[in-house]
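Working notes, beginning with the structure itself.
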Amino acid sequence: MDKIVVKELDLFYGEQQALNSINIAMKERSVTALIGPSGCGKSTFLRTLNRMQDLTPGVKIIGQVKIDGQDIYAADTDVVLLRKKVGMVFQHPNPFPKSVFENVAYGPRIHGETDKKKLSEIVETSLKDAALWNEVKDRLHESALGLSGGQQQRLCIARLLAVGPEILLMDEPTSALDPISTMKIEELIAELKDKYTIIIVTHNMHQASRVSDRTAFFLSGDLIEEDITSVLFTRPAKKKTEDYISGRFG
Amino acid sequence: MPTRQKFDHELEDLRLKILTLGKMAEQQIALAVNSLMNQDLELANSIVVKDLELNDLRADIEETCILLIATQQPFARDLRKLVAGFKISIYLERMGDLAVDLAKVSIRIGQEKLIKPLVDIPRMSGIVQEMIRIGLKAYVDEDCGAAAEMSLMDDEIDKIYSGVFGELKSIMMENPNNVTQANYLLFASRFLERLGDYCTNIAEEIVYICNGKRMDLNE
């Protein structure tokens with residue numbers, strides 16, 4: 001079942017068009033990788049899926065993004081609730097300068113959860129789901145800034161999971177991590193896929209081929225090709241895709 | 001400077017090695033059948049020795065493919081070229097092994113008078129050699145049409161093999177003294193029939209390089 005359906009989506013930064021008539025559908029509980037050279041529009045596109053672009057001055061968006069059949073750009077959309085449902089992980093881990101516990105409990109608290117027992121349960125479940133619990137269960141009240149980069153990134157994922165999202169947007173989530181931490185995040189993505197719809201932007205094509213079910217190739221604001229990952233990486237239909245994934249440009 | 005120039009050169013080197021292996025296999029088959037026709041034991045023995053060079057070259061190709069996959073991490077057509085190239089090298093090396101088997105038939109028959117003039121075996125060998133030549137050209141040109149067409153030539157080999165089988169069976173039934181040599185000749189024709197199948201396998205790999213699709217051309 002399609003979780004996200006994008007139709008004829010254009011995005012302009014002032015006069016400059018950054019996305020050109022994007023059409024794509026993403027299935028529930030699947031991983032879609034967005035690939036393409038720098039400046040191709042993949043991160044811009046990702047940020048349209050939870051209206052993060054609203055925060056950029058001069059942005060104009062035309063077209064439709066529907067999640068569970070609801071147009072997220074409709075006037076009556078509650079953007080706070082949207083971003084609770086569609087969470088985001090960034091390139092560099094950005095934990096709050098608080099304890100591990102407080103980082104994860106922060107989201108549920110601002111959404112109104114005050115019961116301490118309930119908060120502890122959410123923190124434990126979220127850390128377990130983010131495959132971090134065993135590494136931090138004895139240091140929950142120490143500063144999150146003392147964790148390694150890979151642990152911080154998984155903490156940010158746990159922080160995201162704590163507010164009960166349905167869709168996870170990941171913008172190059174491992175580009176600042178070492179190979180072992182990268183592999184842990186990739187394994188985590190494979191596990192999270194059972195519960196969440198995941199869209200990941202990555203410059204690492206082997207990562208895209210390992211973690212995703214479908215891959216979309218962007219170039220100069222156009223969606224050139226989107227297909228089953230194993231097909232796109234072995235026999236792409238478009239020459240531009242072939243040239244890019246073969247390292248002949250970009 | 002174009003990107004991945006070094007990788008492109010390495011792919012070209014790999015292709016040249018596969019071509020060399022193909023030409024060596026073709027030569028070995030031609031010589032093996034000559035040794036059988038002319039009952040030339042020295043030639044037959046030289047084929048057995050030469051096979052070691054084919055094995056070494058195949059191992060070299062395998063190592064090159066593994067190294068390129070590990071270091072260049074290819075996708076799409078580049079990946080298909082490496083995977084198919086690796087498989088083609090295995091088929092060619094096995095074709096070399098069958099040439100050795102043909103040479104061993106010559107050695108076993110030795111100078112014993114042939115029970116019949118050899119007509120069909122050189123015909124089969126000629127078709128196999130032609131299939132290899134067309135296959136190697138199609139591999140270089142990445143021409144899946146030529147490869148698929150080449151695979152059709154295998155039907156003629158199968159037809160001849162079927163005729164040889166019937167003829168040798170009759171010879172064995174007529175005179176039990178001929179059974180041993182007739183069996184050797186039957187083996188030889190069977191080896192040539194298998195060589196046709198390997199050519200078809202190579203054609204399938206060329207089609208895979210071209211369009212990424214697996215086709216059964218042996219049907």
Residue S209(A) versus chain B: region with a heavy atom under 4.5 Å: side chain
Is it true that atom [atom1] of [X] has more than 12 heavy atoms of other residues, nucleotides or ligands lying nearer than 6.0 Å?
X	atom1	result
M153(B)	CE	yes
K104(B)	NZ	no
K85(A)	NZ	yes
E63(B)	CD	no
K50(B)	NZ	no
L52(B)	CG	yes

Inter-chain contacts: residues 3-35 of chain A against chain B, heavy atoms under 4.5 Å: none
Is any residue of residues 217-235 of chain A within less than 4.5 Å of chain B by heavy atoms, and which ones? F233(A), T234(A), R235(A)
What part of R77(B) is in contact with chain A, defined as an atom under 4.5 angstrom from a non-hydrogen atom: side chain, backbone, both or neither? both
So which heavy atom on F75(B) is nearest to which on S246(A), and how close? O-OG, 4.0 Å
Check: E242(A) side chain, A76(B) main-chain N or O, donor-acceptor pair, under 3.5 Å: no
